[in-house]
Amino acid sequence: MATKKIGVIGSGKVAQILAAGFLKHGYDVMVGSSHLDKLDEWKTKNTAAKLGSFDDAAKFGDIVVLAVKGTAAKAIIKSVAESIAGKTVIDTTNPIAEAAPSHGVLRYFTTMEESLMERLQIVAPKAKFVKAFNSVGNLFMVNPSFPDGKPTMFICGNDKNAKKKVMAILDQFGWESADFGFAESARAIEPLCILWCIPGMIRNEWQHAFKLLKK
Ligand SMILES: NC(=O)c1ccc[n+]([C@@H]2O[C@H](COP(=O)([O-])OP(=O)(O)OC[C@H]3O[C@@H](n4cnc5c(N)ncnc54)[C@H](OP(=O)(O)O)[C@@H]3O)[C@@H](O)[C@H]2O)c1
């Protein structure tokens, strides 16, 4: 395995699930937070993980995972921009606004002309952002089991090599990946979270993932 060190920026469910997944797959992992007490319980089950600040995790990782609240993502990326320069950053975030959903449809603070990942790419131009893991609930992010086979993770980003690295991780994590283009494609991939959440919000159904069929 070429990349062994993963820095995870975030302490929520996504950060915890993905960090545990990377540990399970033999990576060296540091999780970064400004409220490390949130990780007390998680750490008792994931003793090999290192803990630090957002910037410690950004510096530590050869690959960095961004798993913070969408409204906070830009400021956090600005604060670690130097530490992620030249690195692949797996962007799991969604631009969910601080407003109530409408009939199960989440509201976003971005527009169809500019995604959150594009904003992050502008703030940290040397980082190689790849959108991934944003279109499924955290319980299915690592080696999910579905009766009809592997689900599809839609990814995008400007750097071909960074996308290759993320595809290799997705393969390890039991996903088929679909490369859907450049950073602008996050305008279409980020809203997949809205679609994914609708059955959950209106019927309490959360047991699904997307699959791309091809011929
Ligand atoms: N939950 C899911 O199943 C899921 C699935 C796909 C994508 N996502 C996306 O993944 C990202 C992480 O989601 P999550 O559910 O794991 O956690 P979250 O509650 O959305 O985010 C928690 C993280 O955001 C940071 N943060 C910064 N400012 C904050 C504020 N004002 N309020 C709350 N947190 C703040 C926290 O920092 P500290 O560590 O310092 O507390 C923490 O690391 C989000 O962008 C979400 O849309 C979530």
Side-chain angles (χ1 to χ4, degrees), residues 6-22 29-43 46 49-58 60-61 64-80 84 89-101 104-110 115-120 123 129-144 151-156 166 169-170 173 175 177 186 188-201 204-210:
I6 302 286
V8 178
I9 297 178
S11 62
K13 273 281 159 215
V14 173
Q16 293 185 16
I17 291 271
L18 288 178
F22 280 108
V29 176
M30 180 183 282
V31 183
S33 168
S34 50
H35 297 92
L36 284 175
D37 53 302
K38 286 189 191 171
L39 294 162
D40 283 349
E41 195 195 330
W42 180 85
K43 178 76 170 124
N46 295 277
K50 297 168 183 63
L51 302 182
S53 65
F54 290 141
D55 196 50
D56 291 336
F60 177 84
V64 174
V65 177
L66 179 67
V68 297
K69 199 170 153 72
T71 49
K74 194 171 156 189
I76 291 171
I77 282 300
K78 199 171 180 184
S79 74
V80 302
I84 59 173
V89 179
I90 303 177
D91 174 22
T92 73
T93 63
N94 284 310
I96 299 172
E98 306 275 13
V105 178
L106 290 169
R107 293 180 198 273
Y108 273 14
F109 59 78
T110 47
S115 63
L116 178 56
M117 194 175 82
E118 290 171 86
R119 294 187 189 179
L120 303 180
V123 171
F129 285 93
V130 179
K131 197 92 214 173
F133 291 110
N134 72 298
S135 59
V136 71
N138 62 82
L139 291 177
F140 296 133
M141 287 181 178
V142 181
N143 301 106
T152 308
M153 188 67 74
F154 294 86
I155 70 165
C156 67
V166 177
I169 288 166
L170 283 165
F173 281 35
W175 285 82
S177 39
I189 295 178
E190 287 172 358
L192 289 179
C193 161
I194 301 178
L195 189 64
W196 189 86
C197 287
I198 290 171
M201 299 269 201
N204 201 25
E205 291 170 11
W206 302 98
Q207 305 289 306
H208 51 273
F210 296 125

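Both counts, for ligands and for their atoms, begin at 1 and track the order of listing. Position 1 is the first residue of the sequence; numbering continues from there. None of the values given here were measured: they were computed from a predicted structure.
- Atoms of ligand 1 found under 4.0 Å from any heavy atom of G10 (numbered from 1 in listed order, with element): 43 (O).
- Those atoms of ligand 1 that come under 4.0 Å of a heavy atom in K38, given as number and element, are 36 (C), 38 (P), 41 (O).
- Below 4.0 Å from some heavy atom of G137 lie the following atoms of ligand 1, by number and element: 3 (O).
- Closest to atom 16 (O) of ligand 1, if we only count protein heavy atoms, is V14 N, 2.8 Å.
- Distance from atom 1 (N) of ligand 1 to its nearest protein heavy atom, with residue and atom name: N138 ND2, 3.6 Å.
- Those atoms of ligand 1 with a heavy atom of K13 less than 4.0 angstrom away are 16 (O).
- Looking at atom 21 (O) of ligand 1, its nearest protein heavy atom turns out to be K69 N, 3.2 Å.
- With a 4.0 Å heavy-atom cut-off, ligand 1 is reached by the backbone of V136 but not by any atom from C-beta on.
- Within the structure, ligand 1 has F133 among the residues with a heavy atom less than 4.0 angstrom away.
- Closest to atom 46 (C) of ligand 1 among all protein heavy atoms lies N94 N, 4.2 Å.
- Nearest to atom 17 (O) of ligand 1 among the protein's heavy atoms is G12 CA, 3.9 Å.
- The parts of S11 lying near ligand 1 are both backbone and side chain, judged by heavy-atom distances below 4.0 Å.
- Under 4.0 Å from ligand 1, the heavy atoms of F54 that appear belong solely to its side chain.
- Contact annotation: G70 has at least one heavy atom less than 4.0 Å from an atom of ligand 1.
- Close contacts of ligand 1 with T93, meaning ligand atoms under 4.0 Å from a residue heavy atom, involve 45 (O).
- Heavy-atom distances between M141 and ligand 1 reach below 4.0 Å in at least one pair.
- Nearest protein neighbour of atom 45 (O) of ligand 1, counting heavy atoms only, is V68 O, 2.7 Å.
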